[in-house]
Amino acid sequence: MKMVFDKKINKSFSKFLIFAFFWCCFFIVSMQTRKIGGDDTNFTNQILDVGGVNWVLARYNNWSGRFFSDSMTAFFLPKSQILWAISNSFFATLLLYSINKLAFQKYSNLFFSMASLGYISLGILVDSSFWITGSFNYLWPISLGLFSLILVSNSYRNKKTRYPAIYIACAILASFGVEQLTACLVCFSILANLKVAFSERAFRPSLFLYSFFTAMSSAIVILSPGSKNRVLEDSARWYPDFIHMSLLDKITSGVTWQFDYWITYMSGTIVLLVFIIFIVQIKKQNVSKFEKLSSKILFALLAIAASLSISVIPVNLTEFVNFNDASLASFFPYFFWSMFFIVVYSLAIHLSPDTIESAFLVAAIFLSAALMYFSPTIYASGPRSLAVPFVLHTILIGKIASNHIEIILNYRYLLYIFPLINIGYFLYWASQGIQAHSFVFN
């Protein structure tokens with residue numbers, strides 16, 4: 001009995017050390033961050049001039065309803081950077097913890113979760129985590145939101161959650177952050193409620209309250225007095241034609257944007273997903289006819305992409321022309337990548353432990369990015385607008401890995417190569433001082 005207890009203590013301590021190491025690394029890098037001209041300095045001066053409470057209320061009435069993000073900005077931005085670095089590292093560690101829990105349903109395979117995060121585009125990483133103002137709007141609410149989803153995930157699986165009020169409180173705070181995340185929290189919780197009601201003929205008060213409060217918070221953000229002003233001012237500054245565009249024009253322009261950004265900034269995590277799919281398909285026993293056919297199609301698409309990259313055929317698979325200006329030939333990249341994504345994510349759903357849950361997760365990955373179609377900052381926001389899709393994509397990869405972990409772990413050292421190179425280059429760049437929006441590579 002004592003040996004079993006000692007083993008549990010050793011495992012818990014080793015996990016604590018991993019989280020502590022991750023926190024320390026993030027803290028050291030956070031301390032390299034520099035305030036930049038623009039939001040960091042302008043907001044600091046405004047807060048010092050009118051006071052934090054007045055500044056947050058003014059933001060709500062004249063700009064946006066992101067109470068949590070603006071409150072964190074008002075509290076931390078005028079203070080010593082070390083306070084922000086400590087908190088920023090905490091939220092990054094909470095993100096790792098939450099992704100690991102949501103993907104594996106237990107605190108195991110932390111190195112795999114860390115490696116999966118290492119496939120992030122450095123453009124997304126810098127602007128969502130190491131831009132001080134950006135972290136209040138992206139990393140911090142995203143971390144709280146994913147942590148709160150542990151309650152939803154447990155309810156979906158008919159598992160009891162201790163202290164549900166903590167998760168509901170985190171969900172409320174996260175809902176007053178980036179709208180892409182808020183939409184996911186509301187939709188996931190509603191779907192979980194429907195599943196519990198119709199499949200189990202049950203009612204879970206904590207899950208219902210989660211849905212209610214996130215929906216109310218979302219409504220407060222959307223209906224805030226400053227939201228209309230924000231759209232008008234952002235349109236005038238970043239996208240003058242936006243307010244005059246029809247719904248169809250916004251969608252077609254948005255689709256072009258999403259294809260372009262997806263290939264540019266999501267390529268690392270997509271490569272990881274494809275690699276894992278191939279590993280599982282090669283080593284898995286009892287491969288279904290669907291998996292065999294889909295794998296053949298995927299291999300054929302990759303062969304076509306490789307052939308086009310070395311041939312003299314004038315087709316660029318990474319050049320996306322606006323639909324209004326597109327010729328028939330210029331639609332080929334859209335067709336190719338559409339086929340590619342359909343096959344890849346169909347296989348991903350099929351290889352997951354819960355196909356219905358993963359199907360909704362895939363939908364959330366794409367639709368959370370599609371919300372940007374209706375924002376005048378669709379181009380001005382840059383890669384940080386894919387922060388929510390990236391973390392959801394990482395959870396999807398973790399779910400597939402959890403279902404085939406024995407196969408995946410045999411190839412874990414291959415999976416660690418790219419993250420080590422990617423983060424190694426980032427650390428070299430960061431050692432010279434981090435300045436948001438200045439990262440020139442993807």
**OP:** Could you tell me whether the side chain of T394 and the main chain of F390 form a donor-acceptor pair under 3.5 Å?
**Re:** yes
Original post:
Can you tell me how far the CG atom of L94 sits from the OG atom of S143, to the nearest 0.5 Å?
Top reply: 5.5 Å
Original post:
Do N88 and W140 have a side chain donor and acceptor closer than 3.5 Å?
Top reply: yes
**OP:** Please say which of N158, N193, T161 ends up in a side chain to side chain donor-acceptor pair (under 3.5 Å) with R204.
**Re:** N158
**OP:** For F198, look at atom CZ and say whether over 12 heavy atoms of other residues, nucleotides or ligands are found less than 6.0 Å away.
**Re:** no
Original post:
Using the benzene-type ring in the case of Trp, are the ring centres of F27 and W23 under 6.0 Å apart?
Top reply: yes
Original post:
Have S113 and N100 got a donor and an acceptor in their side chains that come within less than 3.5 Å?
Top reply: yes
Original post:
So, does K35 use its side chain to make a donor-acceptor pair with the main chain of Q81 at under 3.5 Å?
Top reply: no
Subject >> Nearest-0.5 Å distance that lies between atom CD1 in I276 and atom CD1 in I408 >> reply: 4.5 Å
Original post:
So, T73 versus D70: side-chain donor-acceptor pair below 3.5 Å or not?
Top reply: no
Original post:
Side chain of S199, backbone of V196: donor and acceptor closer than 3.5 Å?
Top reply: no
Original post:
Do the side-chain N and O atoms of Y334 and T256 include a donor-acceptor pair separated by under 3.5 angstrom?
Top reply: yes
Original post:
Side chains of I222 and S218: closer than 4.5 Å at any heavy-atom pair?
Top reply: yes
Subject >> Close aromatic pair by centroid cut-off 6.0 Å: F176 and F68 >> reply: no
Original post:
If you draw a 6.0 Å radius around CG in L420, do more than 12 non-hydrogen atoms from other residues or ligands fall strictly inside?
Top reply: yes
Original post:
Does the side-chain contact (heavy atoms from CB on, under 4.5 Å) test come out yes or no for F130 and Q32, once each step is laid out?
Top reply: CA-CA 9 Å; F130 295 108; Q32 297 297 312; over 6 Å; no
**OP:** Measure up the F340 and F336 rings against each other and bin them: parallel (under 30°), tilted (30 to 60°), perpendicular (over 60°).
**Re:** parallel
Original post:
So does E357 pair up with R157, basic N to acidic O under 4.0 Å?
Top reply: yes
Original post:
Checking side-chain contact (heavy atoms from CB on, under 4.5 Å) for the pair L351/N403: CA distance, chi angles, key distance, verdict?
Top reply: CA-CA 7 Å; L351 294 173; N403 206 32; 5.7 Å; no
Original post:
Distance from N62 atom CG to N229 atom CG, nearest 0.5 Å?
Top reply: 6.5 Å
Original post:
With distance as the sole criterion, is a donor-acceptor pair present between the side chains of Y239 and S253 under 3.5 Å?
Top reply: yes
Original post:
Do you see a donor-acceptor pair shorter than 3.5 Å between the side chains of Y167 and N154?
Top reply: no
Original post:
Ignoring hydrogens and geometry, is there a side-chain-to-backbone donor-acceptor pair from S69 to F136 under 3.5 Å?
Top reply: yes
Original post:
Centroid-to-centroid, F360 to F188, below 6.0 Å?
Top reply: no
**OP:** Write down the atom of L181, the atom of G145, and the distance for their closest heavy-atom approach.
**Re:** CD2-CA, 4.1 Å
Original post:
How many angstroms lie between atom OG of S80 and atom CD1 of I86, to the nearest 0.5 angstrom?
Top reply: 8.5 Å
**OP:** Please find out if less than 6.0 Å separates the ring center of Y261 from that of Y265.
**Re:** yes
Subject >> Considering all heavy atoms, the nearest V343-S294 contact >> reply: CG1-O, 3.3 Å
Original post:
Any sub-3.5 Å donor-acceptor pair from S375's side-chain atoms to M372's backbone N or O?
Top reply: no
Original post:
Is the backbone of T355 close enough, under 3.5 Å, to the side chain of S358 for a donor and an acceptor to pair up by distance?
Top reply: no
Original post:
Should L151 and Y156 count as side-chain neighbours, where that means a heavy-atom distance under 4.5 Å?
Top reply: no
**OP:** Kindly indicate whether the side chain of I277, heavy atoms from C-beta on, has any atom under 4.5 Å from the side chain of V344.
**Re:** yes
Subject >> Neighbour count above 12 (heavy atom, 6.0 Å) for M339 CE >> reply: no
Subject >> Pair S175, S217: side-chain N/O donor-acceptor within cut-off below 3.5 Å >> reply: no
Original post:
Using the benzene-type ring in the case of Trp, are the ring centres of W131 and Y138 under 6.0 Å apart?
Top reply: no
Subject >> Contact summary for P376 and S235, nearest pair of heavy atoms >> reply: CB-OG, 3.4 Å
**OP:** Compare every heavy atom of I47 with every heavy atom of A74, then report the nearest pair and how far apart it is.
**Re:** CA-CD1, 3.5 Å
Original post:
Between L149 and S98, is a side-chain contact (heavy atoms from CB on, under 4.5 Å) present by the stated rule, with each step listed?
Top reply: CA-CA 8 Å; L149 282 176; S98 304; over 6 Å; no
**OP:** With salt bridge (charged side-chain N to carboxylate O under 4.0 Å, His left out) as the test, would you mind laying out the steps for D234 and R230 before giving the verdict?
**Re:** CA-CA 6 Å; D234 277 341; R230 181 184 180 188; 3.7 Å; yes
**OP:** To the nearest 0.5 angstrom, please state how far the CE atom of M266 sits from the OH atom of Y119.
**Re:** 14.5 Å
Original post:
Under a 4.5 Å cut-off applied to non-hydrogen side-chain atoms, are P141 and L173 in contact?
Top reply: no
Original post:
With no hydrogens and no angle check, is any side-chain donor or acceptor of T377 less than 3.5 Å from a backbone partner on A380?
Top reply: no
**OP:** Validate the cation-pi geometry between K15 and F19: distance from NZ or CZ to the six-membered ring centre under 6.0 Å, angle to the ring axis within 45°.
**Re:** no
**OP:** Quick one: do F111 and I18 satisfy side-chain contact (heavy atoms from CB on, under 4.5 Å)? Show the steps, please.
**Re:** CA-CA 8 Å; F111 281 113; I18 295 173; 3.9 Å; yes
Subject >> Shortest non-hydrogen separation from A183 to L371 and the atoms involved >> reply: CB-CD1, 3.9 Å
Subject >> Check: S381 side chain, I378 main-chain N or O, donor-acceptor pair, under 3.5 Å >> reply: no
Original post:
Side chains of L139 and F26: does their closest heavy-atom pair fall under 4.5 Å?
Top reply: yes
Original post:
If you draw the axis of the six-membered ring of F374, does the NZ or CZ of K250 fall within 45° of it and under 6.0 Å from the ring centre?
Top reply: no
Original post:
Between atom CD1 of I395 and atom CG of L361, what is the distance when rounded to the nearest 0.5 Å?
Top reply: 6.5 Å
Original post:
How are the rings of Y97 and F147 set relative to one another: parallel (under 30°), tilted (30 to 60°) or perpendicular (over 60°)?
Top reply: tilted
Subject >> Side chain proximity check, R59 to F67, heavy atoms < 4.5 angstrom >> reply: no
Subject >> Note, L392 side chain near C184 side chain (heavy atom, < 4.5 Å) >> reply: yes
**OP:** State whether the side chain of S64 and the backbone N or O of Y60 hold a donor-acceptor pair below 3.5 Å, judged by distance alone.
**Re:** no
Subject >> Side chain S227, main chain V221, donor-acceptor under 3.5 Å >> reply: yes
**OP:** Establish, from distance only, whether the side-chain atoms of H393 and Y345 form a donor-acceptor pair under 3.5 Å.
**Re:** yes
**OP:** Count the heavy atoms of every other residue, nucleotide or ligand shown that sit under 6.0 Å from NZ of K228, and state whether that count exceeds 12.
**Re:** no
